[in-house]
Amino acid sequence: MTVLDTKDESLPRAEHPAAEAWRVFRSRPAALFGLLLLSIIVIVSLFGPVLYAVDPFEIVWAPLTPPFETETAILGTDNLGRDMLAGLIVGGRATLLVGVTAALITIIIGILVGALAGYYLGWVDDVLMRITEFFQVLPPLLFAMVLVTLFSPSLPVVAMSIGIVSWPATARLARAEFMRIRGLEYVSAGRSIGARDGRLIWRVILPNALAPLIVSATLTIGVAILFEAGLSFLGLSDPNTMSWGLMIGSGRQYVLDAWWVVTLPGAMIFLTVLGVSLIGDGLNDAFNPKLRER
Amino acid sequence: MLLWTVIRRLIYSVILVVAVLVLNFLLIHLAPGDPADVIAGEMGGATEEVLASIRKAYGLDQPLYVQLWVYLKAAAGGDLGQSFFYNAPVIDLILDRVGATLLLVFTALGFAIVVGTTLGVIASRKPTGIVSNLVTVISVIGYSAPIFWTGIMLIIVFASLIPLFPISNMYDVTKSVGPFGYALDVAHHLVLPAFTLGIVYLAQYSRLTRASMLEVLGSDYIRTARAKGVSERKVYGRHALRNAVLPIITIAGLQFGGIVSGAVLVETVFNWPGLGTLAFDSILARDYPTILGILFFSAVIVIVANLITDLLYRVADPRIRMAK
C-alpha cells in the first residue's frame, strides 16, 4: 500500500468542489425553493401549451371577464376577450427566451471585454474601461428604449438591446477576477512553459474565474427578464409573439377596471425573477467559502 | 492637488458628454431608412417639403464628418433639434419636464437612504432577529418585482381600498391654492411614485448597510471604543455608521443611471409629468429627436451626478484624498 492511496481510511477524503458546492446549495431552503419555483415555471412554459391547447390570440369570451366567472376562461379574459390562462402558459416561453438570450449576450460581451482588459492591462485596459464607463453613463432602460424604437420591436432586437445596455457590470467583475488571477503562480507557471496568451486567458484563467461569473450570469437572467418586462410595459415588445410583457403592455390601460390583466402576468414575472435570484444567492453561498463561514 | 483632480475630472466629463452626442448622431444614421425621415419622426416626416428643410438644416447632403460637426456645434449652443410632434425645440420640452423627474428621483433616493440605512443598522444589532429577516425578505422582493408592477399594485390598492393618496398626476388644480397649498399638494401626489421608486433601492441599501455594519462592528477600533467605555449608542451612531455609510454613497452615485431608468417606468405608471412620460409619449409618436434628446440629457444628469459623488467622496474620505 502506498502513501498516495486515497482509500486510506485514516485520511479524510477531499470533496470534489462541485459536490461541495451542491452540498451547500442543497442545505439552503431558499435556494431549493427558488430551484423548485423556476423548474415549475419552465416545465409549464414548455409542456403546458400541449395540455392546454388554447390559442392565446383567439377571442373566447366577453372582454375583461373577471377570473372564476366562466369555465371557458378560468382566469378571466383580457381587453380583447382572449383567454388569460392561455396567455400566461404560452407567454413564459418568449419572456424566458429573451431573458436567457439577453443574459448570454451580456455575459459574452462582459467576459470578452473584462478578460482582455484584466489580462493585458496597460493601454488595452485604459481603452476598454473608458468604453465601459461610457456605457455606464447611459441610463440603461432609456438606451434600450431608443435602440428598440429605432430598430423594430422584434424579439432578437429586444434581446440584443438588453445585452448591449447591461454588459458593463459583468465586464468590471470579469476584469477584477482576471487581474487577481493573472498574478497567481499557476499562471506564471503556464507562461514559463510557453503557453500563449490565448491559452492562458481562455484555458487557464477563465475556468478559475468562472464561479463569480456564473453567479452574476444567473442574476443577469433575472435583470434581463425585468428589462424585457419594462420595455413591454412601455409598448416595446413584439406584438406577434404572446409574452407576459405583451400582456402587461396591452392591459396597462385597463388596470382600474380589471385588476387581473396586469396583476397576473406581472406576478408570473415576479415569481420567475424571484426563483432566479434565490438560485443566484444560493450559488453565491455555494461558490464563496468566505461568505459561507458567516 | 485637489484642484488638479477636479480639473481632470471636469475635462473627462466633458469628453463623455461629447461621446454621448456622437453616439446619438451615429444612432440616427445607423437606424434603417433615410436619416431625414428619422429626424422628422413619423408625425412630421411625410411631406417632401419638411424632409428637404431637414436635409438642408442638418446638412444631410454633406459628408458625414461635416454633418457630425454641424450636429455637435448645434448641441454646444443648446440646440438638440426640433420635435415635429410637439412642434417645439427639444431642449424646451426637456427643460419643462426635468424638474419633476429630479424631484421624484431625489425624494425616492432620500427615502431609500434614510429608511434603508436605519433598517440596516437595526438589523445589524441582531443578525438573526425579526428586522434582519424582514430586511432579507424586503430586499429579495424589491429585487424581483418589476417596478411598474409594484406601482400598479399600489394603484389598485389605493384607488379603491384605501383612497389616501392620489394615484395620478403631480397636482390637482382645484386643491393647489397658493404656493404653500401647491407644495403640499405636490408632496401628497409624490408619496406613491417616490415610494415605488424608492423601495427597490431601500431594499439594496438596508442589505448593504447590514453587511457593512457587521463588518465594521467586528473591527479593532470598535472593540477599542467599547473597551474604553463608549456608550453603545455612540459606538453605533458615531463610530460604526459613519464608516458603513460610505459605500452607500458610492453605490447611490453609481446607480444614478439605473434610478433614472426606474423613474421612466414609475412616471409612466403614475402619469408623473417628467422626462419619463415625455419619453413614453415620444416613443408612441416615433418622435426620434425628442427620444434622443432625453437620452442625451439624462446621460448628462448621470455624468454630473457621478462627478459630484466622486468629488464629495474625495472630500469626505481622507484616505482617498491622500492617496491621489
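Lettering of chains follows the sequences in order, A, B, ..., and the numbering in each one begins at 1. All values below were derived from every heavy atom in this structure, side-chain atoms included, with hydrogens, water molecules and symmetry-related copies excluded.
Nearest heavy-atom pair, F134(A) versus L16(B), reported as atom, atom and distance to 0.1 Å: CA-CD2, 3.8 Å. For the pair G230(A) and L265(B), the tightest heavy-atom approach, listed with the atom from each and the gap, is O-CD2, 3.7 Å.
Heavy-atom distances place the side chain of L278(A), and not its backbone, under 4.5 Å from chain B. Interface remark: I15(B) contributes no atoms to any contact with chain A (heavy atom separation under 4.5 Å). The contact between V223(A) and chain B is made entirely by side chain atoms (from C-beta outward), counting heavy-atom distances below 4.5 Å. Contact annotation for Y12(B): only side-chain heavy atoms (C-beta onward) come within less than 4.5 Å of a heavy atom of chain A. The parts of R130(A) that come within reach of chain B are both its backbone and its side chain, each placing non-hydrogen atoms under 4.5 angstrom from that chain. At a 4.5 Å heavy-atom cutoff, L271(A) makes no contact with chain B through either its backbone or its side chain. Contact of I156(B) with chain A is made through the side chain alone, with heavy-atom distances under 4.5 Å. Heavy atoms closer than 4.5 Å to chain B are found in both the backbone and the side chain of A267(A).
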Inset, instruction - Go through the steps for L27(B) and L147(A) under the test side-chain contact (heavy atoms from CB on, under 4.5 Å), then give the verdict. - result: CA-CA 8 Å; L27(B) 284 174; L147(A) 290 176; 3.7 Å; yes
Inset, instruction - Evaluate the criterion side-chain contact (heavy atoms from CB on, under 4.5 Å) for residue pair L226(A) and Y143(B); output intermediate values, then yes/no. - result: CA-CA 10 Å; L226(A) 288 180; Y143(B) 186 85; 5.9 Å; no
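Sparse packing is recorded around CZ of F33(A), with 12 or fewer heavy atoms of other residues, nucleotides or ligands lying under 6.0 Å away. Atom CE of M160(A) is surrounded by 12 or fewer heavy atoms from other residues, nucleotides or ligands within 6.0 Å.
Here the side chains of W259(A) and I152(B) are not in contact, with every heavy-atom distance at 4.5 Å or above. The shortest side-chain heavy-atom distance between L234(A) and I283(B) does not fall under the 4.5 Å cut-off. Annotation: side chain of V264(B) is in contact with side chain of M145(A) (closest heavy-atom distance under 4.5 Å). I147(B) is not listed as a side-chain neighbour of F233(A), based on a closest heavy-atom distance of 4.5 Å or more. For the pair Q136(A)/N306(B), no side-chain contact is recorded, criterion being any heavy-atom separation below 4.5 Å from C-beta on.
Put simply, OG1 on T150(B) and CZ on F270(A) are 8.5 Å apart, with the number rounded to the nearest 0.5 Å.
Heavy-atom pairs under 4.5 Å with chain B were tallied for I225(A), L236(A), V262(A), V148(A); the largest tally goes to V262(A). Between chain A and the residues I291(B), L295(B), I301(B), the most heavy-atom pairs under 4.5 angstrom are made by L295(B). Top candidate by heavy-atom pairs under 4.5 Å with chain B, chosen from L219(A), D281(A), T263(A), is T263(A). Chosen from A19(B), S261(B), G257(B), the residue pairing most often with chain A at heavy-atom distances under 4.5 Å is S261(B). Across I248(A), V273(A), V276(A), the residue that shares the most heavy-atom pairs under 4.5 angstrom with chain B is V273(A).
When each of N24(B), L292(B), L23(B), I294(B) is checked for a side chain to side chain contact (heavy atoms under 4.5 Å, CB included) with V146(A), only L292(B) meets the rule.
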